[in-house]
Amino acid sequence: MTPGGAECGLYIFREPSQEGYQSKVVLGEDATISPLAFPDLQIMVLEMLPPVSRC
């Protein structure tokens with residue numbers, strides 16, 4: 001967590017509704033993701049995020 005209490009990682013929000021997002025996932029630096037449109041493509045979260053020493 002950061003000093004402000006937020007989790008470090010990639011935040012994924014899905015299923016928007018009038019009440020807010022129905023799905024929230026926070027993936028850590030060591031995780032991989034696959035875009036819904038390209039499920040065969042795998043991207044490491046670490047490659048997408050800048051280095052943060054406080055996490």
Side-chain angles (χ1 to χ4, degrees):
M1 286 201 178
T2 63
E7 292 181 58
C8 295
L10 178 67
Y11 285 67
I12 300 171
F13 296 92
R14 291 190 176 147
E15 303 174 32
S17 72
Q18 300 235 349
E19 294 81 34
Y21 289 97
Q22 302 302 306
S23 173
K24 172 191 163 193
V25 177
V26 181
L27 298 177
E29 293 180 341
D30 58 342
T32 58
I33 62 166
S34 295
L36 294 176
F38 302 99
D40 293 335
L41 178 66
Q42 291 192 354
I43 303 168
M44 291 185 63
V45 171
L46 183 61
E47 293 175 352
M48 298 174 54
L49 299 175
V52 179
S53 61
R54 64 180 184 269
C55 295

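The side chain to side chain contact (heavy atoms under 4.5 Å, CB included) test with I12 singles out one residue from V45, V26, L27, and that residue is L27.
Legend: residues meeting side-chain contact (heavy atoms from CB on, under 4.5 Å) with T32, ordered by chain and number and at least two apart, are Q42, M44. Applying the side chain to side chain donor-acceptor pair (under 3.5 Å) criterion to S23, with sequence neighbours excluded, gives no partner residue. Taking L36 as the reference, R14 meet the side-chain contact (heavy atoms from CB on, under 4.5 Å) condition, with sequence neighbours excluded. E47 is linked by a side chain to side chain donor-acceptor pair (under 3.5 Å) to nothing, counting only residues two or more places apart in sequence or in another chain. In terms of the side chain to side chain donor-acceptor pair (under 3.5 Å) criterion, residue partners of Q22 (sequence neighbours excluded) are, by chain and number, S17. Legend: residues meeting side-chain contact (heavy atoms from CB on, under 4.5 Å) with L46, ordered by chain and number and at least two apart, are E29.
Considering all non-hydrogen atoms of both residues, L41 and S34 come closest at O-OG, 3.0 Å.
Screening residues 19-42 for ring-ring contact (aromatic ring centres under 6.0 Å, His included), with sequence neighbours left out, gives F13-Y21.
Atom CE of M48 and atom CG of L10 lie 5.0 Å apart (nearest 0.5 Å).
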